[in-house]
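Data block below; observations after.
FYI, the numbering just counts along the sequence from 1.
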Amino acid sequence: MKSRSFRLEDAKRQGERQAEEDGVTGFPVDLAAIADKRGILLAANDDAESGVSAMLLREGNEFGIFYSTAISNKGFQRFSIAHELGHYSLEGL
């Protein structure tokens with residue numbers, strides 16, 4: 001089993017490679033374009049009762065990221081989407 005610090009370093013390297021492949025050179029990052037490139041549906045969810053900021057769902061070979069708009073903070077929503085894109089991109093996790 002890999003140690004936590006080793007997994008973190010793996011994730012950082014993988015994220016840097018992914019950013020380079022996606023042509024990310026500055027901010028703001030176009031998260032919708034990255035999701036679209038991977039065929040991932042992005043959908044807003046205004047259900048405040050769910051208690052979930054975002055989730056990556058898979059059905060067969062199709063993926064979707066559903067993110068909450070219940071907290072009306074665009075930065076938080078973008079972070080939540082980026083976080084789920086990270087889960088999608090990490091190998092073996």
Next on the checklist: Does this structure show an ion pair linking Glu9 with Lys12, if we count only N-O contacts that are shorter than 4.0 Å?
Outcome noted: yes

Item to check | Heavy-atom closest pair, residues Ala44 and Thr69 | outcome: CB-CG2, 3.7 Å

Checklist entry - Looking only at atom types and distance, does a side-chain atom of Arg58 sit under 3.5 Å from a main-chain N or O of Gly60, one as donor and one as acceptor? => result yes

Checklist entry - How far apart are the closest heavy atoms of Gln14 and Leu90, and which atoms are they? => result NE2-CA, 3.4 Å

Checklist outcome for this item: dist Ile81:CD1 -> Phe76:CZ (nearest 0.5 Å) comes out at 11.0 Å

Next on the checklist: If you apply the rule salt bridge (charged side-chain N to carboxylate O under 4.0 Å, His left out), what do you find for Arg38 with Asp22, and how did you get there?
Outcome noted: CA-CA 10 Å; Arg38 288 168 177 68; Asp22 289 332; 2.9 Å; yes

Checklist entry - Is a donor on one side and an acceptor on the other found under 3.5 Å between the side chain of Gln77 and the backbone of Ala70? => result no

Checklist outcome for this item: Value for CG (Leu56) from OH (Tyr67), rounded to nearest 0.5 Å, stands at 15.0 Å

Checklist entry - Angle class for the Phe79/His83 ring planes (parallel below 30°, perpendicular above 60°, tilted otherwise)? => result tilted

Checklist entry - Taking atom OG of Ser53 and atom CG of Asn45, what is their separation to the nearest 0.5 Å? => result 11.0 Å

Checklist entry - Cluster question for you: counting only ILVMFWY and a side-chain heavy-atom cut-off of under 4.5 Å, with indirect links fine, are Met55 and Leu41 together? => result yes

Next on the checklist: Could you check whether any side-chain heavy atom of Val24 comes within less than 4.5 Å of a side-chain heavy atom of Ile34, counting everything from C-beta outward?
Outcome noted: yes

Checklist entry - So with a 6.0 Å cut-off around CG of Asn73, is the heavy-atom count from everything else above 12? => result yes

Next on the checklist: Please check: side-chain N/O of Arg78 versus main-chain N/O of Leu31, any donor-acceptor pairing under 3.5 Å?
Outcome noted: no

Checklist entry - How far does CD1 of Ile65 sit from CG of Leu85, to the nearest 0.5 angstrom? => result 4.0 Å

